[in-house]
Number of protein chains: 2
Amino acid sequence: MRTEPSTAKGRATVQRVIDAACELFARQGVRATTLDQIGTRSGTGRGQLYLYFAGKSDLVAAVVAQQVERVLDAQRPLLETVSTAADVRAWCTAAEQWYGADDPVRCPIGSLVHELGEQDDAARAALADGFGRWRAVLAAAMDRVRQHDELAADLDPDAAAGALLAAYQGGVLLAGATGDLAALRTALAAFQATALVERSR
Amino acid sequence: MRTEPSTAKGRATVQRVIDAACELFARQGVRATTLDQIGTRSGTGRGQLYLYFAGKSDLVAAVVAQQVERVLDAQRPLLETVSTAADVRAWCTAAEQWYGADDPVRCPIGSLVHELGEQDDAARAALADGFGRWRAVLAAAMDRVRQHDELAADLDPDAAAGALLAAYQGGVLLAGATGDLAALRTALAAFQATALVERSR
DNA sequence: ATAAAAATGTACTGCGCGGTACAAACGAGG
DNA sequence: CCTCGTTTGTACCGCGCAGTACATTTTTAT
């Protein structure tokens, strides 16, 4: 960020720009999105971009950070209440339904991994941090499942969180490639079938 | 492919071009690779590209197909002999070691998913087909494991293959994002821990 | 040996997009 | 109501790269 806006109006504009960029990046990818599109979409010209951001990579870094917040915020309410195997199943079901029939199957965070330039250090760091935090939230949830004794014995919560996140990302990747959400369902179903132990109660 | 080369020399050139493109795409991505680089790397100018290929997307499609063959060929010998849980573990270990310490962690196939243009239909189809075939080979292997009764009871071989592929792709994605292969190890380890049942014999 | 075809190298063109400069409009103190 | 800082809109520049044209060399066939 080159210049922090000093008025409310300026801050609102910055937010609109980031929001527009988030949407466009998620839908059509980073490199396929031009600054013109972002400027138009956000209702501002391209001029503002260079007032508030040092350039495209700077904007990308800001978007990555924002996107991470969005994804985590969206999941937190659901994830923070997870404490049983059934809750995990519910999260998996919800995850499958994030993708509608018509919009492209691409995780707003995961898809960024291969789209960031090699030298976009700030963005890459933000991305890695985002995955770390996502995993931490999942791990906390898995830990509660473990306390209910509904996590497979040979998995520790941290490993389970990593595995679930990988299954999700891999599933989304395959689903995006084949255009069929079944791949995601399969990946998550396998995790549920093997990692969770339903206790009768 | 615009014109099939009719001489051995021409075919050799085409192959060199595709090989060079494979390497460059795998290392630095599709969009970051220019036709100049491919022309130079393959020892031919950019002129040839347009003699044999209709344009970049055409070349990309050819590369995708080739890349799929490479990956499958590399794994076939290992995968076709898989018939026990221990063999699956061996494959997982091998998979972790495909990535050296210095080269970037990106699956030559998986990384393409988000790099292909929205309208590169031929390439996308080749990619989807590649995943399908990869999964089929894995499923055949899982079927043999099942026959040894070393696959978890609540997984059918097809689902196990999908889950393993997703775990691998997701693991590579996370490892690439964080720069730490541990993510891949965790994902594969979780699959092994929960999907495989070691029988004493 | 020679003509036709195929392969190779080079130089040029156009354009999309990131980046910059600068002019116009707005808005908050004095 | 004037003034200065901030915000907004526009017009321009240059570069990198995909795509094209064409001249030159090499290979194949008769």
Side-chain angles (χ1 to χ4, degrees), chain A residues 1-21 24-25 27-64 115-123, chain B residues 1-21 24-25 27-64 115-123:
Chain A
M1 179 105 25
R2 208 177 62 150
T3 296
E4 211 70 34
S6 59
T7 76
K9 201 172 181 184
R11 273 185 296 273
T13 298
V14 167
Q15 194 55 48
R16 278 209 321 282
V17 168
I18 293 184
D19 286 346
L24 291 168
F25 287 175
R27 195 141 48 81
Q28 51 187 11
V30 175
R31 304 189 77 135
T33 301
T34 72
L35 297 183
D36 270 318
Q37 291 177 311
I38 298 175
T40 305
R41 175 97 173 205
S42 62
T44 76
R46 225 172 61 253
Q48 273 77 305
L49 301 189
Y50 290 97
L51 179 61
Y52 298 122
F53 301 96
K56 192 174 185 180
S57 8
D58 191 27
L59 207 180
V60 168
V63 168
V64 170
E115 297 201 275
L116 266 37
E118 204 62 50
Q119 71 292 356
D120 277 343
D121 289 332
Chain B
M1 179 104 26
R2 206 177 63 151
T3 296
E4 209 70 31
S6 59
T7 74
K9 200 171 180 184
R11 274 185 295 274
T13 299
V14 167
Q15 195 55 49
R16 279 209 319 282
V17 168
I18 294 184
D19 286 346
L24 290 168
F25 287 174
R27 195 142 48 82
Q28 52 187 18
V30 174
R31 304 189 79 135
T33 301
T34 72
L35 296 184
D36 270 319
Q37 292 177 309
I38 298 175
T40 304
R41 175 97 174 206
S42 62
T44 76
R46 223 171 62 253
Q48 271 79 305
L49 300 190
Y50 290 97
L51 179 61
Y52 299 122
F53 301 95
K56 190 174 186 180
S57 4
D58 191 27
L59 206 178
V60 167
V63 168
V64 170
E115 297 201 275
L116 267 36
E118 205 61 52
Q119 72 291 354
D120 277 342
D121 290 331

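Residue numbering restarts at 1 for every chain, and letters A, B, ... go by the order of the sequence lines. Bear in mind the structure is a predicted one, so any value in this text is a computation, not a measurement.
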What is the distance from [atom1] of [X] to [atom2] of [N], rounded to the nearest Å?
X	N	atom1	atom2	result
B:Arg31	D:dA18	CZ	P	11 Å
A:Leu49	C:dA21	CG	P	16 Å
A:Leu24	C:dC17	CG	P	13 Å
B:Gln48	D:dT26	CD	P	13 Å
A:Arg46	D:dA11	CZ	P	12 Å
A:Asp36	C:dC15	CG	C1'	13 Å

If you round to the nearest 0.5 Å, how far is [atom2] of [Y] from [atom1] of [X]?
X	Y	atom1	atom2	answer
A:Thr44	A:Leu49	OG1	CG	5.5 Å
B:Leu116	B:Arg31	CG	CZ	9.5 Å
B:Arg16	B:Arg41	CZ	CZ	13.0 Å

Can you confirm whether [X] sits close enough to [Y] that some side-chain heavy atom of one is under 4.5 Å from a side-chain heavy atom of the other?
X	Y	result
B:Ile38	B:Phe25	yes
A:Thr34	A:Gln37	yes
A:Ile18	A:Phe53	yes

Positions of residues 51-62 of chain A (non-hydrogen atom under 4.0 Å from DNA chain D), listed by number:
A:Leu51, A:Tyr52
For DNA chain D, find the residues of residues 4-12 of chain A with a heavy-atom distance under 4.0 Å and give them by number; none if there aren't any.
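Output list: A:Pro5, A:Ser6, A:Thr7, A:Lys9, A:Gly10.
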Across the strands shown, which category fits B:Thr3 at heavy-atom distances under 4.0 angstrom: base, sugar-phosphate, nothing?
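No contact at all - B:Thr3 keeps every heavy atom at 4.0 Å or more from the nucleic acid.
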Do any side-chain nitrogens or oxygens of B:Tyr50 fall under 4.0 Å of OP1 or OP2 in D:dG19?
yes
Are OP1 or OP2 of D:dG16 and a side-chain N or O of B:Thr34 less than 4.0 angstrom apart?
no
Under the side chain to side chain donor-acceptor pair (under 3.5 Å) test, residues paired with B:Thr13 that sit two or more places apart:
none
Kindly give the heavy-atom pair with the smallest separation between B:Glu115 and B:Val30, and that separation in Å.
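Of all heavy-atom pairs spanning B:Glu115 and B:Val30, the closest is OE2-N, 3.1 Å.
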Quick check: on DNA chain C, is the nucleotide nearest B:Gly47 upstream (toward 5') of the one nearest A:Thr33, or the reverse? Name the residue that is more 5'.
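Checking each residue's closest nucleotide, the 5'-ward one belongs to B:Gly47.
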From the set C:dG19, D:dG9, D:dA18, return the single nucleotide nearest to any side-chain atom of A:Thr44.
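Of the options given, the side chain of A:Thr44 lies nearest D:dG9.
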Given side chain to side chain contact (heavy atoms under 4.5 Å, CB included), test A:Leu59 with A:Leu35 step by step and report yes or no.
CA-CA 10 Å; A:Leu59 207 180; A:Leu35 297 183; 4.2 Å; yes
